[in-house]
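Start at 1 and go down the list; that is how both ligands and their atoms are numbered.
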Amino acid sequence: MNTDERAFTSHGVSSRTLAERDAAHVWHPYTQMKTRPAPLGIVRGEGVYLYTEDGRRLLDGTSSWWVNIHGHSHPVLNEALARQARELEHVIFANCTHRPGVELAERLVDVLPHGLTRVFYSDNGSTAVEVALKMASQFWSNRGEVRRTFITLHHAYHGDTVGAMSASETSVFTRPFDAMLFGVVRAEAPYCYRCPLGLTRETCNVACLGDEPDAASSRAEAWTRTLAQQLERHGTDVAAVLVEPMLQGAGGMIVWPAEFLAGVRRLCDAHGVLMIADEVLTGFGRTGRLFACEHAGVSPDIICLSKAVTGGYLPLGVTVTTESIYAAFLSDDRTRTFFHGHSFTGNPLACALAVASLDLIRDTDAVAKVQQIESWLRRGLQPLVDHPSVGEVRVLGGVGIVELVVDKTTRSAGGYLDTVGPALSQAFLDCGLLLRPLGNVVYALPPYVITEAETAWMTAQMADVIDRVTSR
Ligand SMILES: Cc1ncc(COP(=O)(O)O)c(C=O)c1O
């Protein structure tokens, strides 16, 4: 950049667009900066809409990376943030505490599945998972046992820090970092459209859990990778089983039968290992229950929360566990301390927003609203099953998913790097809808304040764009 230009931008006044200025210095996540289209300059948000610097209005169909639930720039949340900023913006959380941090812990314990009573704060979804993995590992070592194995599921996505990446499915997201990652044991997930055992949901009795020997399919190799078989094989070396309950997100928006989730809890109990539920995506109503674990009436030993916890305003990670796990860290021996923390642990602004968001969830009956959205999404998307490029339509709570295939008989599909993804994104944008397909998996999960008419408009655009782009 030359001196004139620097002077120009340092005054914050420029005739260039945000996209042009961005191109000079900014590096975006998950973005091939050489070939990307120019980013959208967003100047304002209100409700389900975002407004661009060139005057367009876009419906935020993915809740700004799955975080927003009450709509953009909500007056109640704006006021909560301003009020807290006037009082206390941040303080070290190692030897200090504050009202929003305490209040949020109390409020979460009230609404979380039974038994989750100890709240540990961090910064984002990946760190919430990282904390859970470290907590589980040290829990065993504080009890005098070394347990090295974590079991995670195929198609999992748990975040981008090293532990969270290790726990995630090997994919385009993790391969460049292979050398940094630790090994985990993987078990089959209940991806019913592509059943690992080659069974059908109507008659399978969730055999993919692997705990009913006579249900073994002809796919003997997959059978050996079922959760029950992996637990059997790795025995007392297993520290914990980590799952995304009911909805595996970035790995393909895979919706589970609730029986599988119940089975995970049952198997963890039977083998005496911890169950960690990563509810970073599913928490706070997204699946039509306040927490996805409620679909199966189970309580994990550790739960990971983030994204919508602050209503989508500020980053906050929360890892909550039981009194018995917490007790393993209490000792006169200081080496048993949980040595983990971040500069912004328990940030008061984020905690105050999270409390205000919980109030809004209660006052607006948000979970019931998500159940309504589920019926609107079903109505709009279900007819797409007959389309020649649509393999499956899945709807869970406020998430509507359309999995595209190249061939309906073989179910072949291009995966995350399928060029259909960017082509669809652009076509959605052209009609005023901001969506970001995961390659061949198109999905929408709008803020809960979306109306019936807006949902009908959104699903109509999805149907139209899918038809136009796939028939090219
Ligand atoms: C289930 C799940 N866990 C963890 C993460 C990581 O969260 P973050 O992006 O805030 O680090 C994500 C992000 O999409 C997620 O979907």
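- Looking at residues two or more places apart in sequence or on another chain, you find a side-chain contact (heavy atoms from CB on, under 4.5 Å) between F344 and H90, D123, N347.
- Partners of R83 under the side-chain contact (heavy atoms from CB on, under 4.5 Å) rule, at least two apart in sequence or in another chain, are E79, R86.
- A search for side-chain contact (heavy atoms from CB on, under 4.5 Å) contacts involving P39 returns A19, D22, H28, R36, not counting sequence neighbours.
- Residues H74 and Y313 meet the side-chain proximity criterion, which asks for heavy atoms closer than 4.5 Å.
- In this model, no donor atom of one side chain and acceptor atom of the other lie less than 3.5 Å apart for E130 and T127.
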At less than 3.5 Å, what protein N or O atoms come close to the N or O atoms of ligand 1? Include the distances to 0.1 Å.
| unit_1 | atom_1 | unit_2 | atom_2 | d |
| --- | --- | --- | --- | --- |
| ligand 1 | 3 (N) | D278 | OD1 | 3.2 |
| ligand 1 | 3 (N) | D278 | OD2 | 2.7 |
| ligand 1 | 7 (O) | S126 | N | 3.4 |
| ligand 1 | 10 (O) | G125 | N | 2.9 |
| ligand 1 | 11 (O) | N124 | OD1 | 3.4 |
| ligand 1 | 11 (O) | S126 | N | 2.9 |
| ligand 1 | 11 (O) | S126 | OG | 2.6 |
| ligand 1 | 14 (O) | K307 | NZ | 3.0 |

Practice task
Take L404 and T470 through the test side chain to side chain contact (heavy atoms under 4.5 Å, CB included) and record every step on the way to the result.
Solution key: CA-CA 9 Å; L404 303 178; T470 57; 4.1 Å; yes
